[in-house]
Amino acid sequence: MTSSNTADLANLYLGQQYPPATYSSAVHESTRHWCQNTLWGQLIFFVRKVAARSAGNILNADILLAGDKADLVANSLRLQVLQQIFEPLTEGLALFATYDSYPTPTQCVPGHLVFMAMAYSGLTLEQMQQAGIEHTEQEYLSFLQVQRIGGLAGIQHKSTLLRQPLDATKSPSLQGYLFVKSVQGMLADKNKKFWDPNVFLSFIVNFFYNDIGWFTATLRPNTRPEHIPAALAEYFGSRIGQLRMLPPHVIDQFERDVTDPSRVAHCLNMFTTAADQQAGLALHRALYTDLIQHGEPVTQSRFFQRKYFQLFSREAYIEITREDRVLFYLPLPPNSSEIHAPDIVVDGQGYRLAMTLPNPGNYPPIKAKGALRNYRVMQVPFNTCVIFLAEEKLLYSHFMANWELLDEKVFLDHFALDGHNDPDNSGIVKIALDVLRETDAPLAALHAGALKKFSLELNGLYRLTLSASCVPTELDRVKSLMKNHGFDAVLGHDEVLLDLLSFISLANTHNIYDTRVMQQLGKRIGVIFREGTLAELCQRLQDKNIYLVRFDAEYTLSTGV
């Protein structure tokens, strides 16, 4: 996300206030980060390390052993299938957080969303408490409304989502988002508390990603490699089946136990036998011990693979002096009306000095064009790191806090800034698979064939998508229609109708259901909201047997996207 305001950097540095333009990307990425920093994320870490070990054995051996080759194929399949299964769900939850979440009075509010209110209000936790949580929430809600439906850009942003392919093998976005919306509706029919987006988000992330049963399902012994994709898909399907069977009171128990990890685990594994839970925990301990015995680093920083994410980037000119200063210049707009001359001119481009930072002496003097990339560390204690790059080479990094509890080398290794690091070992696994194709064609073909077969079945795992908004007998036909262009195909590629659908859905997010209010808001931001246009939108959807737009009263309008 690019920030256009020169003051954004200083505000971030001095007041820890995020630039408003970064809101969507920050919520989206922090939700993905939350999903990965779970038991499921630990499982991915373990499988990746074990696969890398098999790959290393193959690459370093004079004679390729059948056991190493079979282990590489099996663990590569586990890794890739797990990631493919969860990618639509993870993306769907991130989009749900971006478009549908807001602060609500519940103990289930995800920590990273609470932090969003702090980051974008510019208030510390103490200041929020002094101002009153209700006042802070209202301020944040006002900010969200500006970001989401304050102009055509926000509406068109969601329209871009709605025209994505409804095909998880092409793009996980629309399939995952509509699946998450369908699951929320299904659970809310059991208990209206699930309409609270934060209750729903907290519950679903824990239900799917903190399920210890994934360890036993993934690492079940004596499973032939070609059977691994089906076994993992079957377990995912069983979890969805269990979700359908949840008793209405389960969310009440979850809210009571949410602050006690042991009780949350009990609540979410109610369909898992005690023996299976113990088996999963035993596997977790065994994998951890095995990595330690093989000399693998299993620190918290390396344990989770999405510890950092980019907040925004800017073109910049950086000068590191021989003393203790790092000068950071931002380019002036081409038609700048500033009276004063630029602070510095490089290659005909004028730059204004935006900020100076300390140079601890670890970075040599340099003058270079580069890009400022600002990453947020979403684990306590919250921190922000600025790194300066030029042609992807690190020039300088600086943690914006009074403490530096984070391992800077781990931080830099994670992004492989020099182009040679391979922190998640994906490179070594890929190279070993290439060797396998040259040395054992049948086994390599089994690996490729199993992945290809699974990709054809991936959409079937998300069959709940649109299930509550479409005539059951027409569901397959509707999904086929939307496979390549999403709602664009349904609405005849009419941008006006698509933007109207997006606008209604975003208004609903802020509890705006009155069509008269929507019309007034639409006039201010350029959305065509005439009665005839709305009627045409409803008719186009109904003609395709999709019943997303609903009138509950004369003026009350809602949509299921």
Side-chain angles (χ1 to χ4, degrees), residues 95-102 104 138 141-142 144-163 166 174 177-189 192-197 200 465-471 474 478 482 486-561:
L95 289 165
F96 182 89
T98 301
Y99 292 119
D100 297 84
S101 66
Y102 53 87
T104 55
Q138 290 303 315
L141 279 171
S142 299
L144 290 182
Q145 185 160 325
V146 170
Q147 290 300 303
R148 287 173 174 162
I149 55 177
L152 282 175
I155 294 161
Q156 291 169 352
H157 190 269
K158 186 159 188 180
S159 293
T160 299
L161 166 64
L162 297 184
R163 62 166 55 95
L166 189 64
L174 186 59
Y177 180 68
L178 293 181
F179 174 81
V180 168
K181 295 285 283 188
S182 293
V183 170
Q184 185 190 28
M186 179 184 74
L187 294 179
D189 284 342
K192 293 189 182 300
K193 285 186 177 182
F194 281 108
W195 286 127
D196 183 314
F200 172 70
T465 299
L466 287 176
S467 59
S469 305
C470 183
V471 176
E474 296 293 321
V478 167
M482 297 175 64
F487 283 98
D488 248 2
V490 175
L491 300 176
H493 301 277
D494 188 319
E495 292 187 11
V496 171
L497 296 182
L498 188 65
D499 285 347
L500 179 57
L501 180 61
S502 299
F503 172 71
I504 297 170
S505 69
L506 291 172
N508 291 168
T509 298
H510 297 285
N511 296 315
I512 300 174
Y513 297 97
D514 192 315
T515 55
R516 295 166 296 186
V517 176
M518 290 186 194
Q519 286 173 336
Q520 294 171 2
L521 187 58
K523 288 179 181 178
R524 293 205 300 268
I525 61 179
V527 174
I528 298 175
F529 200 96
R530 293 189 295 269
E531 185 176 340
T533 309
L534 179 58
E536 184 177 358
L537 171 65
C538 296
Q539 191 61 53
R540 291 275 186 99
L541 291 169
Q542 291 175 19
D543 286 346
K544 304 300 182 183
N545 295 295
I546 302 175
Y547 296 89
L548 280 171
V549 178
R550 183 175 68 248
F551 287 90
D552 295 323
E554 183 178 0
Y555 298 109
T556 305
L557 177 66
S558 62
T559 179
V561 294

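The model shown is predicted, which means the values in this text are computed figures rather than measured ones.
- Residues L161 and L174 come closest through the heavy atom pair O-CD1, 3.8 Å.
- When only modelled atom types and interatomic distance are considered, S502 and S159 share a side-chain donor-acceptor pair under 3.5 Å.
- A donor-acceptor pair under 3.5 Å is formed between the side chain of R540 and the backbone N or O of L491.
- S505 places no side-chain N or O within donor-acceptor distance of the main-chain N or O of T559, the cut-off being under 3.5 Å.
- E474 contributes no side-chain N or O that, together with a main-chain N or O of K544, makes up a donor-acceptor pair within less than 3.5 Å.
- Considering every non-hydrogen atom in both F503 and G522, the closest pair reads CZ-N, 3.9 Å.
- Nearest heavy-atom pair, W195 versus G185, reported as atom, atom and distance to 0.1 Å: CH2-CA, 3.9 Å.
- Residues F551 and T556 fail the side-chain proximity criterion, which asks for heavy atoms closer than 4.5 Å.
- In terms of heavy atoms, L506 sits closest to I155 at CD1-CA, 4.0 Å.
- In this structure, CG in N545 is found 12.0 Å from CG in L466, a value given to the nearest 0.5 Å.
- E495 is linked by a salt bridge (Lys or Arg N to Asp or Glu O under 4.0 Å) to nothing, counting only residues two or more places apart in sequence or in another chain.
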Let's go through Y513 and Y555 carefully: what are the C-alpha distance in whole Å and the side-chain angles of both, what is the deciding distance for ring pair (Phe, Tyr, Trp, His ring centres under 6.0 Å) to 0.1 Å, and is it a yes or a no?
CA-CA 8 Å; Y513 297 97; Y555 298 109; over 10 Å; no

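- Of all heavy-atom pairs spanning T515 and F529, the tightest one is O-CE2, 3.8 Å.
- Considering all non-hydrogen atoms of both residues, I504 and S558 come closest at CG2-C, 4.5 Å.
- Between the D494 side chain and the L497 main chain, a donor and an acceptor come within less than 3.5 Å of each other.
- Looking at K158 and Y177, their side chains do bring a donor and an acceptor atom within 3.5 Å of each other.
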